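Okay, structure first, notes after.
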2 protein chains.
Amino acid sequence: MKQEKLNYIIDVARNMFARYGLRKTNIDELAHMARVAKATIYNYFGSKDSVYLAVLKKEADEIIGAILDSIDKEALPPEKLIALVKTKFNQMPKALNLLNLEIDGAENRYPDSIAIRNDLFWKEVEIIQDILEEGLAKGFFYIKNIMLASKSIGYAIRGFERDWLLFDSRDRIDHYLDYFLNIIIKGLMSANSNKTDRFVID
Amino acid sequence: MKQEKLNYIIDVARNMFARYGLRKTNIDELAHMARVAKATIYNYFGSKDSVYLAVLKKEADEIIGAILDSIDKEALPPEKLIALVKTKFNQMPKALNLLNLEIDGAENRYPDSIAIRNDLFWKEVEIIQDILEEGLAKGFFYIKNIMLASKSIGYAIRGFERDWLLFDSRDRIDHYLDYFLNIIIKGLMSANSNKTDRFVID
DNA sequence: TTTATACTAAAATCCGATTATAGTCTAAAG
DNA sequence: CTTTAGACTATAATCGGATTTTAGTATAAA
């Protein structure tokens, strides 16, 4: 089958899963909506779960892809870190299925889907690690244990996710995120933590 | 009724809710286990939900109380911040009902219980704010916007909770938390972020 | 290879009957 | 005046069996 057609199936499935959830989406209807035979779907994916996982995977890949793109556009490590966070949170609302995992009452939280969610987390941590390493090499950051630092920051960023997804007042949380970046970059104790003029998020 | 008896009812309820959950705990059995008449419970609490909320409230109060105690034992603001985080995570496993809210599939997540959970979060943020204010006044911290800073840190700490509760490898996450504290206190950019000798968590 | 269709076995839904339980009430005991 | 045991009700949960949906397979034709 052409890659194009396969992507189309995933896209249709993505919409259906986002609207109805895993349980209430059925393959007969998906086949009809995607204008392929049911057998074709089973030929390619093998099971309903696999279709669902392919959707989650695509959503995760999109987030990672967008983050990497945005980082490439920045030259300085601190700004790369800021770009990562901004892009991540901008992309999140598009990954409806992946993020409903966090919010929903476990409706469709099972080992494989959780694995994809965790995988996204650890990929983010890896990217953070790359940024920190570059920052260290170029003299921007001073970090004793880069692996610990990147994981710590990964976890900390996670703390903003739930409310970002649920709240009306996204702007305000954006504000907190901005400030959080300032804090981890400059620290509470450094005298210039007052000045948000250099690495500021607009 | 004596306060003592009332507390005993809450304690028994706390164990039953922790073991069986809100739905599978029934008031007849609770009355029996707590050795009071069912009417007494309804006299005091008015409804099953109110009993449950009283349990959640008590768990939240215990966490806040322990945090405040631990902070009082520290003299320096940075150490107070560290004490807050350490105590919070040490106390968390005791608050079984409150924390199952995070993990469970919404089984017993309804507006009132979420409100208590959020209340705990904002109380933590207030305490952080107090610490930051003291740290600013005494020249330890340099923070432009204390309110933003305390909320940011509150959210960031939240990011460690889920994995702390779920994972086998609590030590490792402890490690991340330690490092996280180092980062926010000293910042990625400050040259002494290497040295973890002063404000170190043992 | 894809498609339409038919097929099966397992799961979900439905529904009426039964049971369990939240919450009220009362009368007696402390 | 409060607590208690027990009776009581109305609603919600459970159960079991019949029915329907649906995941997944098989087949034959395009």
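Just the heavy atoms: all of them, side chains too, but no hydrogens, waters or symmetry mates, feed the values below. These numbers come from a predicted model, not from an experiment. Sequence lines set the chain letters: A, B, ... in the order given, protein chains first and strands last, and positions in each chain run from 1.
The shortest heavy-atom contact between A:L30 and A:M16 is CA-SD, 3.7 Å.
Distance, B:K24 NZ to D:dA13 C1': 8 Å, rounded to whole Å. Per the geometry, CD1 belonging to B:I41 stands 10 Å off P belonging to C:dA22, to the nearest Å. Note: CG (A:L6) to P (C:dT1) measures 14 Å, nearest angstrom. Rounded to whole angstrom, the span from the OH atom of A:Y44 across to the P atom of C:dT1 amounts to 8 Å. Rounded to an integer number of Å, the gap from NZ of A:K5 to C1' of C:dT2 is 7 Å. In this structure, the NE2 atom of B:H32 is 15 Å from the P atom of C:dT21, given to the nearest Å. Computed from coordinates, the B:Y52 OH to C:dA22 P distance equals 15 Å when rounded to whole Å. In this entry the distance linking CZ of B:R35 with P of D:dT2 reads 23 Å, nearest Å.
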Please tabulate, one pair per line, each protein N/O and nucleotide N/O from nucleotides 23-27 of chain D that are separated by under 3.5 Å, including the distance.
from, atom 1, to, atom 2, distance (Å)
D:dA23, OP1, A:T25, O, 3.4
D:dA23, OP1, A:K48, NZ, 3.1
D:dA23, OP2, A:I27, N, 2.9
D:dA23, N7, A:K38, NZ, 3.4
D:dG24, OP2, A:Y42, OH, 3.2
D:dG24, OP2, A:K48, N, 2.6
D:dG24, N7, A:K38, NZ, 2.9
D:dG24, O6, A:K38, NZ, 2.8

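Interatomic distance, B:I131 CD1 to B:F141 CZ, rounded to the nearest 0.5 Å: 8.0 Å.
Salt bridge annotation for A:K57-A:D61: present, with a cationic side-chain nitrogen under 4.0 angstrom from a carboxylate oxygen. Of the charged side-chain nitrogens involved, none lies within less than 4.0 Å of a carboxylate oxygen, so that A:K94 and A:E62 do not count as a salt-bridged pair.
Applying the side-chain hydrogen bond (donor to acceptor under 3.5 Å, both in side chains) definition to pairs two or more places apart or across chains, those involving residues 25-34 of chain B are B:D28-B:K38.
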For this session: Assess whether salt bridge (charged side-chain N to carboxylate O under 4.0 Å, His left out) is satisfied between A:E124 and A:R158, documenting all intermediate values.
Result: CA-CA 10 Å; A:E124 285 171 13; A:R158 206 181 232 203; over 6 Å; no
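Taking 4.0 angstrom as the limit, B:T40 places none of its side-chain polar atoms (N or O) nearer than this to OP1 or OP2 of D:dT3.
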